[in-house]
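Here the structure is laid out as structure tokens; the discussion comes afterwards.
The chain is numbered in sequence order, starting from 1. Since the model is a prediction, treat every value here as computed from it, not as a measurement.
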Amino acid sequence: AEAAKARTARKPLTEEEKQARLREMQQNADDHDEHRIKRMKVAEERLAAMEKKEAVRPADDEAQFQSKLNADTFMSSASSVSDRLAQRKHYRQRAVDESAGFL
């Protein structure tokens, strides 16, 4: 127990050591603040660039993209709506007689 206590026991810091540690901590804090400010500046620039890019893009660009995607996806293999319905017949859960229930 005495040996462990002796290994972990520290001498009190001298005034010079205290001042050196204080300077080091202050320098670390200053470096951290500078790094944080740089990160904030880069993030603000990215945000401004994204907002500028969004402002330039037409408002209906998203709708046009979605419309083209739907047409390509759903109508590429079938030449008409009737062909598409015939192709997807096995997915329907409709009874032949419309008066019948769901199941």
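- Qualifying side chain to side chain contact (heavy atoms under 4.5 Å, CB included) partners for Glu15, counting only residues two or more places apart in sequence or in other chains: Lys18, Gln19.
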Could you pull out every donor-acceptor pair under 3.5 Å between side chains of residues 22-41 and any protein atom, sequence neighbours left out?
from  : atom 1 : to    : atom 2 : distance (Å)
Gln27 : NE2    : Asp31 : OD1    : 2.9
Asn28 : ND2    : Glu24 : O      : 3.4

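- Counting heavy-atom neighbours within 6.0 Å of Glu16 CD, excluding the residue itself, gives a total of 12 or less.
- By the salt bridge (charged side-chain N to carboxylate O under 4.0 Å, His left out) test, Lys68 pairs with Asp72, sequence neighbours left out.
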